[in-house]
Amino acid sequence: QVQLVESGGGLVQPGGSLRLSCAASGFTLDEYAIGWFRQAPGKGREGVSCFSSGSSGDRSAYYANSVSGRFTISRDNAKNTVYLQMNSLKPEDTAVYYCATDTSVIGGNKCLLPDWYDYWGQGSQVTVSS
């Protein structure tokens with residue numbers, strides 16, 4: 001049974017940092033695409049960052065333009081956990097953050113599109129405010 005559990009959200013001042021964790025169980029994280037998404041109040045779910053799962057074994061990282069240079073996705077295969085390091089946070093980063101995965105081949109930056117994913121965590125609130 002695929003399960004994803006996020007942690008690490010909270011309240012932070014503008015310019016601050018947070019690290020989100022997504023612990024995976026029921027599958028081997030490195031075999032599939034995995035992404036971070038967010039949803040702000042009144043808005044749709046958007047892709048933040050992801051690792052692709054190309055048919056050639058590509059596991060490249062991709063970022064939304066709005067977070068490129070500030071956020072970093074990484075993973076620890078031994079812990080079956082993926083992380084999102086968020087630096088220089090802005091009020092517009094405030095949202096519920098979700099991790100998601102799917103057993104489909106999701107190559108290239110398509111891994112930023114939420115419609116590709118069937119398995120989702122419960123979400124973690126990130127609030128950036130002074």
- [ ] Only counting residues at least two apart or in another chain, list the ones meeting salt bridge (Lys or Arg N to Asp or Glu O under 4.0 Å) with R75.
- [x] D30
Task: Donor-acceptor under 3.5 Å (N80 side chain, A24 main chain) - done: yes
- [ ] With the side chain counted from C-beta on, respond yes when Y119 and Y32 share a heavy-atom pair under 4.5 Å apart, and no when they do not.
- [x] no
Open item on the list: Please report the interatomic distance CG(D115) to NZ(K110), rounded to the nearest 0.5 Å.
Closed with: 13.0 Å
Task: Linked, directly or transitively: V67 and L84 (ILVMFWY side chains, under 4.5 Å) - done: yes
Open item on the list: Is it the case that the side chain of T101 and the backbone of A33 share a donor-acceptor pair, with hydrogens and angles ignored and the cut-off at 3.5 Å?
Closed with: yes
- [ ] Under 4.5 Å between side-chain heavy atoms, chaining through other members, with only Ile, Leu, Val, Met, Phe, Trp and Tyr counted: pull out the rest of the cluster around L112, sorted by chain and number.
- [x] Y62
Task: Partner residues of R19 under the salt bridge (Lys or Arg N to Asp or Glu O under 4.0 Å) criterion, sequence neighbours left out - done: none
TODO: Decide whether L113 and W120 are clustered together by the hydrophobic rule: side chain heavy atoms of Ile, Leu, Val, Met, Phe, Trp, Tyr closer than 4.5 Å, transitively.
DONE: yes
Task: Point-to-point distance, once rounded to the nearest 0.5 Å, from OG of S66 to NZ of K90 - done: 8.0 Å
Task: Heavy-atom closest pair, residues L20 and S124 - done: CD2-OG, 4.2 Å
Task: Co-members of the apolar cluster containing V5 [side chain, <4.5 Å] - done: none
- [ ] Using the test side-chain hydrogen bond (donor to acceptor under 3.5 Å, both in side chains), find all partners of D102 that sit at least two apart in sequence or belong to another chain.
- [x] S104
- [ ] Indicate the atoms forming the closest heavy-atom contact of S129 with P14, along with that distance.
- [x] C-CD, 3.6 Å
Open item on the list: I'd like to check F27 versus L4 (side-chain heavy atoms, cut-off strictly below 4.5 Å). Are they in contact?
Closed with: yes
TODO: List the atom of S88, the atom of S17, and the distance in Å for their closest heavy-atom pair.
DONE: N-OG, 4.4 Å
Open item on the list: Quick check: W36 with F71 (ring centres under 6.0 Å apart)?
Closed with: no
Open item on the list: Please say yes or no: joined through hydrophobic side-chain contacts below 4.5 Å, possibly via intermediate residues, are F37 and L29 part of one cluster?
Closed with: no
Task: Hphob cluster co-occupancy, Y63 + F51, side-chain heavy atoms under 4.5 angstrom - done: yes
- [ ] Check step by step if side-chain contact (heavy atoms from CB on, under 4.5 Å) holds for D93 and M86.
- [x] CA-CA 9 Å; D93 295 318; M86 305 184 292; over 6 Å; no
Open item on the list: If I compare all heavy atoms of G123 with all of Y98, which pair ends up nearest, and what's the gap?
Closed with: CA-CD2, 3.5 Å
- [ ] Taking E6 for its side chain and Q122 for its backbone only, find out whether a donor-acceptor pair lies under 3.5 Å.
- [x] yes
Task: Heavy-atom pair with the smallest gap, counting every atom of I73 and V82 - done: CG1-CG2, 3.9 Å
Task: side-chain contact (heavy atoms from CB on, under 4.5 Å) evaluation trace for T94 with Q125 - done: CA-CA 8 Å; T94 296; Q125 177 70 47; 4.0 Å; yes
Task: S130 OG to L11 CG distance, which is reported to the nearest 0.5 Å - done: 9.5 Å
Task: With E46 via salt bridge (Lys or Arg N to Asp or Glu O under 4.0 Å) - residues at least two apart - done: R38
TODO: Grab the two heavy atoms, one from Y117 and one from C50, that are nearest each other, plus how far apart they are.
DONE: OH-CB, 4.1 Å
Task: Residue pair C111 / S53, side-chain heavy-atom distance below 4.5 Å - done: no
